[in-house]
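Only heavy atoms go into these numbers, but all of them, side chains included; no hydrogens, no water, no symmetry mates. The chains referred to below are lettered A, B, ... by the order of the sequence lines, with proteins before strands, and numbering in each begins at 1.
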Amino acid sequence: MVELLVKRQANYINPDPGKHKRSVYERGDIVVAMPDGWGWGKEEHPMTSTESPTPFFIVKIPGVTVKEAQKYLQPEVDDTNPTIVLSRRLWRINIDDVPSGIKKTILDTGEVTLEFAQIKNFIHNKQTGINER
Amino acid sequence: MTTTRIRTVKATLGDYSSLAGWEAGEQGDLPTLDEIRKAECYNFADANDVAFSGWETDSTRYIWVFVPLAERHDGTSRDVGGTGYQISSGSSVGTIRPVEDYVVLEGLNIKNTTIDAAINWTSGTFTASTNSHTLLNCIIQNANTASTKYTLNASISNLIITLENCIVYGGTRSIDCRNATTVTINNCTFWRHTDQIGIIADTELTCKNTYAGKSSGTNEDFWTGGAAPSGNNNASSDTSAATDYTATQTSESGSANFINVTAGSENFGLKSDATIIGDGAAGITTYDILGTTRDVSAPDIGAFEYVAAGGGRTTKNTDAFPLGDRYGMSFGFRTH
C-alpha cells in the first residue's frame, strides 16, 4: 500500500502569477509517496498539525506500490522542452469532485483509505485533462 | 523583527518526515512574513528529492536547511559511517534543486544514486547580484560510475555560491560553475573515483585551501582550459593546481593524504603523515567540517583539520555560527 501526502491548498499566492503557477504547490498536488504505515510528521497529518488551515491530507491506496505512485510526483513540463517546468506536479487529486462521503472522511479524519478503482477517476492529468484510468 | 521559524524533519515524531514535505508545508513569502524558515533535520535516510521553489526570499529572510551537530554525519557519508541526515535520490534533475535566491544548506549528506547531480542549480532563474547559496560542512556524492555529468551542476547565470568545508565525490566530474557570477570554494575536498575532470571554472571562481584529486588517469583536477580562476593554497593529485593558483601543492595523491579513498569506504580525514597538513592559507575558515578549530597560522588543506590521536577536538556551537556576518545573511530569533 502507498500513502500519499496531498496538498490541501496553496500556502499563499505568489505576487508573480507565472511563478505561482510554475512553482507553488496547489490544492490536490501529491507531494510525496510513502510506504504503508508511514510515520507522518506532526505538521503533515491534519489531526496533529498546528497550522490552520492544515496544509495536507493523506490518501492511502492498497494495491498500489510506492514505485508505481512515483509517477504522480513528476512535475508538469513543457512538451517541447522538458527542462521547462510548468507546475510542481503533472497530476493532482481533484478533491472537490470526490463523492461527499469520501470528502467528509478526509475532512473529519485527515486521511482516507481507498481502492485504486475508487480514486483513479479523481486523479487528474493537468496536461491532457484526462483522469487516471 | 525577523524571526526564525524552526520545524524538525525526523524519521519519527518530527514536524515533517521528509525535507520534501517540509518544503511543501513551509513554502511562503518570507520577506512578507519577516521570517527565516529553518528545517532542522535529524539522523535518518530521507529518500525524496526536493526543489526549493515557489518561495520569496531575500538576504535576511531565507531558506535554511540545517543538521544539528549531534544528528550530523561523522565526516563520512551515511553509507560509510552509518550516521547523519542523508537525502538521497536517483532524480535525473538532481537530488536538491535550489531554485530560489537565498538558500543555506548546512551539515547535510546529499547523494544522487546515479550519475546525475546531487545538487543542480540549473533549473533556477537567479536575480543578478542579489542571491546567495551557501553550503557548509556538507558531504555531497553521486554514483561511482564514470560520466561527464557533474556532482554539482552550478553553471547558470547570476548564481552566487559559497562552498566551505564540503566533501564532494563520485564517478562524474565534480563541479561546473562556468556561467555562474561568483563562486567561492574554501577548504573543500573533491575526489573522483574515475578519470573525469574535477573543478571546471572560469574567472567566477575564487578557490582557496582546497584539494582536488582522482584515483588515476589524465583528466585535470583543476580544469585549465578556460579563463583563469583565482585563489591560492590549493592541492591536486596531478599538476593542474599550479596553473591558475599560487602557493599550490601538486602531485598530492589521495591515498597518501586521506584515510581511505576506496569507493564505498571513503574517509577524507587526513592521515597523520599527510603532506597537505599545514599547507593552507591562514584566515580562510575558522572551523573544519566537524567543527574542529583550525590552526590559526597554518591550517590544513581540504575539509578536515588534522587532529593528533588523543588531541581531542574543539567543536563549535553551530547555532551561534555567525552566518550573517560571513555571507551577508542575518539571523533572527527562533520561534516554534
Side-chain angles (χ1 to χ4, degrees), chain A residues 3-16 18-35 37-46 48-51 53-58 66-67 69-70 73-75 77-78 81-89, chain B residues 5-33 35 37 39-42 44 46-57 87 89-94 97-101 120 122-125 127 153 156 335-336:
Chain A
E3 299 192 6
L4 305 176
L5 184 69
V6 184
K7 206 67 177 114
R8 194 171 204 131
Q9 66 280 310
N11 281 14
Y12 78 114
I13 306 296
N14 190 282
D16 175 348
K19 179 171 180 176
H20 184 92
K21 182 178 187 313
R22 202 167 52 241
S23 53
V24 175
Y25 278 106
E26 288 283 8
R27 182 172 176 80
D29 284 347
I30 301 163
V31 177
V32 293
M34 297 299 199
W38 186 254
W40 294 106
K42 188 176 72 177
E43 298 299 348
E44 292 169 326
H45 200 292
T48 52
S49 175
T50 58
E51 299 298 314
T54 58
F56 306 104
F57 63 90
I58 292 160
V66 172
K67 190 174 180 183
Q70 293 293 320
L73 309 183
Q74 295 169 8
V77 296
D78 190 315
N81 182 354
T83 65
I84 298 174
V85 174
L86 302 177
S87 70
R88 287 299 289 255
R89 293 291 185 260
Chain B
R5 174 183 157 103
I6 302 172
R7 294 293 181 268
T8 59
V9 178
K10 292 183 174 182
T12 55
L13 303 176
D15 295 320
Y16 293 92
S17 59
S18 68
L19 191 58
W22 177 86
E23 198 273 337
E26 299 294 308
Q27 199 176 50
D29 182 342
L30 303 188
T32 299
L33 294 164
E35 286 181 349
R37 290 208 164 172
E40 195 167 86
C41 303
Y42 285 66
F44 79 104
D46 183 345
N48 294 275
D49 62 292
V50 63
F52 298 110
S53 174
W55 301 60
E56 292 298 311
T57 60
I87 182 166
S89 84
S91 170
S92 61
V93 291
R97 301 177 298 283
V99 171
E100 299 302 341
D101 278 332
N120 180 9
T122 63
S123 56
T125 303
T127 310
N153 194 346
I156 182 84
T335 61
H336 193 58

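- Proximity to chain B is limited to the side chain of A:Tyr12, based on heavy atoms less than 4.5 angstrom apart.
- Here B:Gly28 is the residue among B:Ser91, B:Gly21, B:Gly28 with the most heavy-atom pairs under 4.5 Å with chain A.
- Residues A:Val31 and B:Ala20 come closest through the heavy atom pair CG1-O, 3.7 Å.
- Atom OG1 in B:Thr12 sits 9.5 Å away from atom CH2 in A:Trp38 (nearest 0.5 Å).
- For B:Asp46, there are no salt bridge (charged side-chain N to carboxylate O under 4.0 Å, His left out) partners at least two apart in sequence or on another chain.
- Between chain B and the options A:Arg8, A:Met34, A:His45, heavy-atom pairs under 4.5 Å are most frequent for A:Met34.
- For chain A, the option among B:Ala47, B:Ala51, B:Ala11 with the highest count of heavy-atom pairs below 4.5 Å is B:Ala51.
- For B:Tyr42, the ring-ring contact (aromatic ring centres under 6.0 Å, His included) test picks out no residue, with sequence neighbours left out.
- For the pair A:Asn11 (side chain) and B:Gln27 (backbone), a donor-acceptor distance under 3.5 Å is present.
- Distance OG/B:Ser53 to OH/A:Tyr25: 8.5 Å, rounded to 0.5 Å.
- Between the A:Lys7 side chain and the B:Gly25 main chain, no donor and acceptor come within less than 3.5 Å of each other.
- Scanning all heavy atoms of the two residues, the minimum distance from B:Gly54 to A:Ser23 falls at CA-OG, 3.2 Å.
- Of the two parts of B:Ser123, neither the backbone nor the side chain holds a non-hydrogen atom closer than 4.5 Å to a non-hydrogen atom of chain A.
- B:Ser18 approaches A:Val32 most closely through the heavy-atom pair OG-CG1, 4.0 Å.
- Contact annotation for A:Arg88: only side-chain heavy atoms (C-beta onward) come within less than 4.5 Å of a heavy atom of chain B.
- B:Ser17 pairs with exactly one of A:Lys42, A:Glu44, A:Glu43 by the side-chain contact (heavy atoms from CB on, under 4.5 Å) rule, that one being A:Glu44.
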Problem set entry | A:Glu51/B:Arg5 under salt bridge (charged side-chain N to carboxylate O under 4.0 Å, His left out): CA gap, chis, key distance, verdict | CA-CA 13 Å; A:Glu51 299 298 314; B:Arg5 174 183 157 103; 2.9 Å; yes
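- Closest approach of A:Pro15 and B:Asp29 over heavy atoms only: CD-OD2, 4.4 Å.
- Taken from CZ in B:Arg7 to OG1 in A:Thr50, the straight-line distance is 5.5 Å, to the nearest 0.5 Å.
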